Every structure is written in C-alpha cells, then in structure tokens.
Undergrad: 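My structure is below; once you've seen it, I'll send some questions.
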Number of protein chains: 2
Amino acid sequence: MTIVKKDKSTEEKILAAAKKIFVQQGMAGARMQDIADEAGINKALLHYYFKNKEQLFEVIFMEAAGRLFPRINEIFLSDQPLFEKIERFCSEYISIVLENPYLPLFVLNEINRDPDYFLGKVWKGRNVPKPEKFLAQIEQEVAKGTIRRISPLNLLMNLISMTIFPFVAKPMFQKNLGLDEWQFRATMEQRKKEIPKFIIDSIKK
Amino acid sequence: MTIVKKDKSTEEKILAAAKKIFVQQGMAGARMQDIADEAGINKALLHYYFKNKEQLFEVIFMEAAGRLFPRINEIFLSDQPLFEKIERFCSEYISIVLENPYLPLFVLNEINRDPDYFLGKVWKGRNVPKPEKFLAQIEQEVAKGTIRRISPLNLLMNLISMTIFPFVAKPMFQKNLGLDEWQFRATMEQRKKEIPKFIIDSIKK
DNA sequence: GTCATTTTTAACCAAATGGTTAACAAAGAT
DNA sequence: ATCTTTGTTAACCATTTGGTTAAAAATGAC
C-alpha cells in the first residue's frame with residue numbers, strides 16, 4: 001500500500017488558503033498576496049485561476065453560506081414534532097459549526113457590510129430559510145395548549161441566538177471566561193442538550 | 001432667545017464621521033478619504049486632529065467598547081437578587097444597543113480580528129466584565145433550591161446570547177423575517193420582558 | 001522527439017491609499 | 001495694527017495593492 005501524499009491540486013490549495021484569509025480578515029482586510037503566500041504560489045497564478053478578488057471572495061462566501069443555511073431549512077421544513085425539531089436544530093447546527101467556528105461571524109459580518117449583495121446572491125438560490133412553517137407550528141402547539149402562550153418570533157430568535165451566538169462571540173467568551181479551546185468545545189457539546197432542555201422547560205405546560 | 005445652531009466642532013464632526021464609517025466598514029474597509037468626506041473636511045485636516053488611522057480607530061473602538069462593557073459589570077456586580085439582575089440586564093442592555101444597533105457586531109468583529117490587541121487595550125481598563133460573582137450567585141440559588149440545577153456558564157451564555165445576538169444578526173433577521181426598522185425595534189422592546197420571562201420560566205422551581 | 005497546450009513565474013503597471021508639506025486664512029493676544 | 005497661534009487647504013509623495021504581460025517550465029498528444 002503506497003502512501004500517496006498526493007498534492008492537493010493548485011485550485012484546492014488556493015481555495016483553502018482563500019478561505020483561511022477571508023474568514024480571518026474579511027473581504028476588505030484580505031490581501032491577494034497573503035492568499036498566494038498561504039497557498040504557496042505566485043500571485044499571478046492566483047489570477048490565472050480566479051480572475052479577480054471579488055470572484056474569489058464570492059466563491060468562498062457562497063461556500064460558507066451554503067454550509068450554514070441549507071441545513072436550517074431542511075430541519076425547519078421537516079414534518080417532525082416541535083420539540084424534536086428544536087433538539088435536532090441545536091445538535092446538528094452546533095456540530096456543523098464546531099468544524100468551522102468562525103464561519104458565522106464571517107457571514108454575518110459580510111451580510112452587514114452589504115445586505116443587498118447578499119440578498120441578490122445567496123438569497124436567490126432558494127436555499128433561503130423559510131421560517132413560516134416553523135412559526136406556524138409553534139402557534140399550533142400554543143393553540144393545542146401543549147406549550148404556553150409565547151410569540152413564535154421570540155421563540156425562534158431565542159433558539160437561534162443561543163445556538164449561534166457563542167460562536168460569534170467565541171474570542172470574547174474565551175478571554176473573559178478563561179476557556180481554552182478544549183473547554184470551549186466541551187461547553188458547546190454540552191449545549192447540544194442544554195439548549196433544548198432550557199427551551200422546553202420554559203415553554204412546556 | 002437666539003437660536004444658535006452652533007456648528008459642531010471640527011473634532012466632533014470627525015468623530016461622528018469616523019464612527020459611522022468604521023462601524024459600517026470595519027478598520028480594514030474604512031478609507032480616510034471617506035471619513036474626511038463624511039465630515040465635510042480635507043483629509044489633511046483629519047491628520048491634523050488624529051495623527052493616523054490606527055489612532056483614530058482606537059478612539060472610536062474604545063468609545064464603542066466603553067459603551068458596551070462597563071454597564072454589564074455594573075449590573076453583574078450589584079447586590080440585587082438573581083431574577084432582578086436578569087431583568088435589569090435585558091432591559092438596560094437592549095436600551096443601550098437600540099441606540100447603536102451596529103456596535104455589537106463591530107466590536108465582536110474587531111475582537112475576532114485581533115483578540116490580543118483587544119485584550120491589551122480594553123481589557124486593561126478594569127472595566128472588563130467580571131462574571132464570577134454572577135456565576136456564584138447562580139450556584140447559590142441552585143443550592144438554595146430556588147432554581148433547578150443548571151450550569152451557571154450555560155445560563156450566562158443563554159442570557160447574553162438572547163440579548164445581544166438579534167442585533168448582531170439584525171440585517172439577516174430583517175431580510176429573512178421581513179421586518180422593517182420599526183418592527184425590529186418593537187420586537188426588541190418586547191424582548192426586554194420576554195427574555196427574562198423565558199429564562200425564569202425555565203429555571204424557577 | 002516535436003509540437004501544441006496548460007501551468008507557473010518574475011517583472012511590471014496603474015490606481016488607490018495613508019500620510020506629509022508648505023502655504024494660506026482665522027482668530028486671539030498685545 | 002501687528003504678531004503669534006491655531007485651523008484649513010491644495011498639491012504632493014511613498015507605499016501598498018489588485019491586476020497584467022510576456023516568457024519559461026511542465027504536461028500531454030502524435
């Protein structure tokens with residue numbers, strides 16, 4: 001069995017490098033030279049593969065957004081009961097993001113910089129989360145009396161906030177609470193179960 | 001009574017302009033020329049008041065951080081009972097941020113870009129939030145049996161996440177949930193009471 | 001092997017950008 | 001009024017940065 005440590009193709013090296021630099025520095029802060037250096041290639045070669053910075057950025061951004069949004073929809077649109085959806089959302093989402101802890105801040109930041117660019121590019125691709133069904137489901141449970149009266153919008157915000165925010169504020173939490181990388185991961189693993197429990201304890205009648 | 005529409009001093013104009021541009025574009029994306037234009041002055045005059053971009057940025061960043069962090073401490077270190085603290089935190093914090101909705105993302109983003117710069121500058125000023133007392137207080141309540149067993153760290157994360165995240169994700173929530181400016185504000189006003197209720201319903205025995 | 005195509009590089013270029021200079025105007029001070 | 005200090009400007013400069021060019025390797029077709 002030959003151990004073929006096959007070189008990643010140049011394009012793959014570029015994409016990995018670009019992702020690292022863009023996520024760290026943002027579109028404005030990223031330097032094409034840094035991306036080339038990180039990929040171990042010449043800057044001209046970068047432009048041979050991707051004609052300009054904006055196009056390269058778009059590839060990275062779409063890939064990042066594509067990792068974060070479609071799965072949400074899949075869960076929100078499924079036919080599971082409410083509590084199961086909440087559990088699934090927390091668990092799956094935290095798993096996804098644990099592998100790319102800096103994606104949410106990156107994406108939110110770029111959305112903030114130019115909401116309409118985002119709307120035009122990502123939102124088009126019908127992968128846009130459609131929360132209506134989930135919101136309606138909450139209202140049904142309220143009507144059935146299985147959960148207390150609560151504004152569906154607020155419940156949705158609570159769920160998403162508790163799940164995502166710790167990643168967005170990761171460096172702050174780490175500095176302020178003195179968590180090392182491992183402790184942070186462990187805490188987030190805990191939260192896969194803690195958040196659903198927290199929510200259900202609050203709303204279940 | 002003379003209506004003296006006194007011009008803001010040049011320095012004030014610069015600071016207002018710089019805040020707007022930096023918060024919108026971040027340190028890397030902000031252009032000194034844009035700040036000068038926004039302030040209605042010459043670029044040289046900008047350097048007359050602030051010797052370079054970094055120093056100007058630091059003033060803006062510290063002012064922003066100074067708005068967000070000290071009040072937290074004030075609340076967390078007070079001698080109020082736990083539930084009151086939670087209510088006060090949500091209510092006061094949302095009020096503060098409603099006046100500057102983009103500050104949290106700005107600050108988190110810059111912390112992320114260079115956590116140690118942040119640590120060195122802001123964290124020094126002893127306004128650094130010290131959560132120990134708050135965490136201990138939660139443990140006491142658990143011991144007393146007034147609230148159910150819950151990890152203090154998780155509870156703190158939940159509180160902060162639900163309060164701050166909607167601002168960080170404001171453009172996303174607005175696009176996705178179709179909220180206009182006014183509806184967003186109204187929702188956040190609601191949340192001043194909704195979040196504490198949500199938490200207390202979850203943990204109170 | 002030879003030729004055509006693809007990949008890679010060093011050197012270069014134009015525009016953008018942070019920052020400076022030197023002169024000019026306004027405002028006090030005497 | 002004159003002089004000094006402070007505020008403001010247009011023009012300029014050096015560096016950085018995204019992007020290009022033309023030539024050299026490498027790869028593949030025959």
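Chain A is the first sequence line, chain B the second, and so forth, proteins listed ahead of strands; every chain is numbered from 1. A quick note: this is a predicted structure, and the numbers were derived from the prediction, not measured.
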Undergrad: Measure from the ring center of B:F106 to the ring center of B:F22 and say whether it is less than 6.0 Å.
TA: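 So the answer is no for these two rings.
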Undergrad: Just N and O in the side chain of B:T10: are any of them under 4.0 Å from OP1 or OP2 of D:dT8?
TA: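 Yes, B:T10 has a side-chain N/O under 4.0 Å of OP1/OP2 on D:dT8.
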Undergrad: Under 4.0 Å between any heavy atoms, over every strand shown, what does B:A30 touch: base, sugar-phosphate, or nothing? Just pick one.
TA: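 Contact class for B:A30: sugar-phosphate only.
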Undergrad: Checking all strands, does B:Y48 fall into the base, sugar-phosphate, or nothing category for heavy-atom contacts under 4.0 angstrom?
TA: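 Counting heavy atoms under 4.0 Å across all strands, the contact made by B:Y48 includes a base.
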Undergrad: Identify whether any heavy atom of A:Y49 sits under 4.0 Å from a base atom; if not, whether one sits that close to sugar-phosphate; answer base, sugar-phosphate or nothing.
TA: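 Sugar-phosphate: the residue A:Y49, judged by heavy atoms under 4.0 Å, touches backbone atoms but no base.
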Undergrad: What is the distance, to the nearest angstrom, from the CG atom on B:N42 to the P atom on C:dA22?
TA: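 Going from B:N42 (CG) to C:dA22 (P), I get 16 Å.
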Undergrad: Whole angstrom is fine here: how far is it from CZ in B:F50 over to P in C:dT20?
TA: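 Result: 15 Å.
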Undergrad: Return no unless some side-chain N or O of B:R31 is found under 4.0 Å from OP1 or OP2 of C:dA16.
TA: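 Checking C:dA16 against B:R31, no side-chain N or O comes under 4.0 Å of OP1 or OP2.
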Undergrad: Is there a donor and acceptor pair closer than 3.5 Å between the side chain of A:K43 and the base of D:dG19?
TA: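 In this structure, the two groups form a donor-acceptor pair.
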Undergrad: Between atom NE2 in B:H47 and atom C1' in C:dT20, what is the gap in whole Å?
TA: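 Those two atoms, NE2 and C1', are 9 Å apart.
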Undergrad: Tell me the interatomic distance from A:N52, atom CG, to C:dA15, atom P, rounded to whole angstroms.
TA: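 Rounded to the whole Å, the gap is 17 Å.
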Undergrad: Answer yes when A:D79 and A:K85 have at least one side-chain N-carboxylate O distance shorter than 4.0 Å, and no when they do not.
TA: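 Salt bridge between A:D79 and A:K85, a charged N being under 4.0 Å from a carboxylate O: no.
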Undergrad: With a 3.5 Å cut-off and just heavy-atom distances, do the side chain of B:K53 and the base of C:dG19 make a donor-acceptor pair?
TA: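 When only heavy-atom distances are counted, B:K53 does not reach the base of C:dG19 through any donor-acceptor pair under 3.5 Å.
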Undergrad: Quick one, B:K20 with B:D34, criterion salt bridge (Lys or Arg N to Asp or Glu O under 4.0 Å). Give me CA distance, side-chain angles, the key distance, then yes/no.
TA: CA-CA 10 Å; B:K20 180 175 170 184; B:D34 293 345; over 6 Å; no
Undergrad: Using the benzene-type ring in the case of Trp, are the ring centres of A:F76 and A:F89 under 6.0 Å apart?
TA: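 That pair passes the under 6.0 Å test.
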Undergrad: Take atom CD of A:E11 and atom P of C:dT8, then tell me their distance rounded to the nearest Å.
TA: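 That distance rounds to 11 Å.
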Undergrad: Round to the nearest Å and state the distance from A:L46 atom CG to C:dT9 atom C1'.
TA: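 Spelled out: CG on A:L46 to C1' on C:dT9 is 13 Å.
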Undergrad: Compare the minimum distances between each of C:dG18, D:dG18, C:dA10 and the side chain of A:M32, then state the nucleotide with the smallest one.
TA: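 Closest of the options to the side chain of A:M32: D:dG18.
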Undergrad: So, for B:F184 and B:F173, is the gap between ring centers shorter than 6.0 Å?
TA: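 For B:F184 and B:F173, the ring centres are not under 6.0 Å apart.
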Undergrad: Please report, rounded to the nearest Å, how far the P atom of C:dA10 is from the CG atom of A:D37.
TA: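 In whole Å, C:dA10 P and A:D37 CG are 12 Å from each other.
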Undergrad: Grab the CG-P distance between B:L45 and C:dT20 for me, whole Å please.
TA: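 So the CG-P distance, B:L45 to C:dT20, works out to 14 Å.
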